[in-house]
Amino acid sequence: MTITDTKLQMYFRTNPYRLIDDIDGIGFKTADELAISLGIPLYSDTRYISALIHVLKSGLREGNCFLPFEQLVSITTDLLSSPQHTPDVQFLNTIIQQLLAKGTLVSGDVGNSVYLKAAYPG
């Protein structure tokens, strides 16, 4: 194993969800399976943030610049659900509020709309 291999492994072990953006054809479910197998907790901020971003990016690919807050929570909850895990909606809401405060997400003027910062028209 070379130093480069070690650095690459650490890069993905730290946040396996990077695979979604870095490798074509890798979606949230595949990255999530890898993350869980590497010990990323089911209730981790990283997991919930990655799911939220994935849902909003999927919406963009479908032609939606934003999602209503309730729809974002619903779709993300479904994505995070598994036989071993029932997502904590309150925790998800907290993560959304943190991302809004950081400016990663933007709250729009239309019916509780939530945008990725890069997609916000303002």
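These numbers were taken from a predicted model, which means no experiment stands behind them.
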To the nearest 0.5 Å, what is the distance between [atom1] ([X]) and [atom2] ([Y])?
X: Leu72; Y: Asn64; atom1: CG; atom2: CG; value: 11.5 Å
X: Ser113; Y: Leu67; atom1: OG; atom2: CG; value: 9.5 Å
X: Thr76; Y: Ile95; atom1: OG1; atom2: CD1; value: 11.5 Å
X: Leu80; Y: Ile75; atom1: CG; atom2: CD1; value: 12.0 Å
X: Leu19; Y: Asp24; atom1: CG; atom2: CG; value: 12.0 Å

Q: Please work out whether the ring planes of Tyr115 and Phe66 are parallel, tilted or perpendicular, with thresholds of 30° and 60°.
A: tilted
Using side-chain heavy atoms (C-beta onward) and a distance below 4.5 Å, is [X] in contact with [Y]?
X: Val106; Y: Val114; value: no
X: Asn112; Y: Pro68; value: no
X: Leu60; Y: Leu56; value: no
X: Ile53; Y: Thr104; value: yes

Looking at [X] and [Y], would you say the former's side chain and the latter's main chain have a donor-acceptor pair under 3.5 Å?
X: Lys102; Y: Gln97; answer: no
X: Ser44; Y: Pro41; answer: yes
X: Asp88; Y: Phe91; answer: yes
X: Ser74; Y: Glu70; answer: no
X: Thr30; Y: Ile26; answer: no
X: Ser37; Y: Leu34; answer: yes

Q. Which residues pass the side chain to side chain donor-acceptor pair (under 3.5 Å) test with Gln84, sequence neighbours left out?
A. Ser82
Q: Using the test side chain to side chain donor-acceptor pair (under 3.5 Å), find all partners of Lys117 that sit at least two apart in sequence or belong to another chain.
A: none
Q: Would you mind listing the cluster partners of Leu42? Hydrophobic ones only (ILVMFWY), side-chain contacts under 4.5 Å, chaining allowed.
A: Ile36
Q. If you take all heavy atoms of Ala119 and Cys65, which pair is closest and at what distance?
A. CB-O, 3.8 Å
Q: Answer yes if Tyr48 and Ile20 sit in the same cluster of Ile, Leu, Val, Met, Phe, Trp and Tyr residues linked by side chain heavy atoms under 4.5 Å apart, and no otherwise.
A: yes
**Q.** Aromatic ring proximity, centroids under 6.0 angstrom, His54 and Tyr17
**A.** no
Q. With a 3.5 Å cut-off and no angle check, do the side chains of Arg47 and Ser50 form a donor-acceptor pair?
A. no
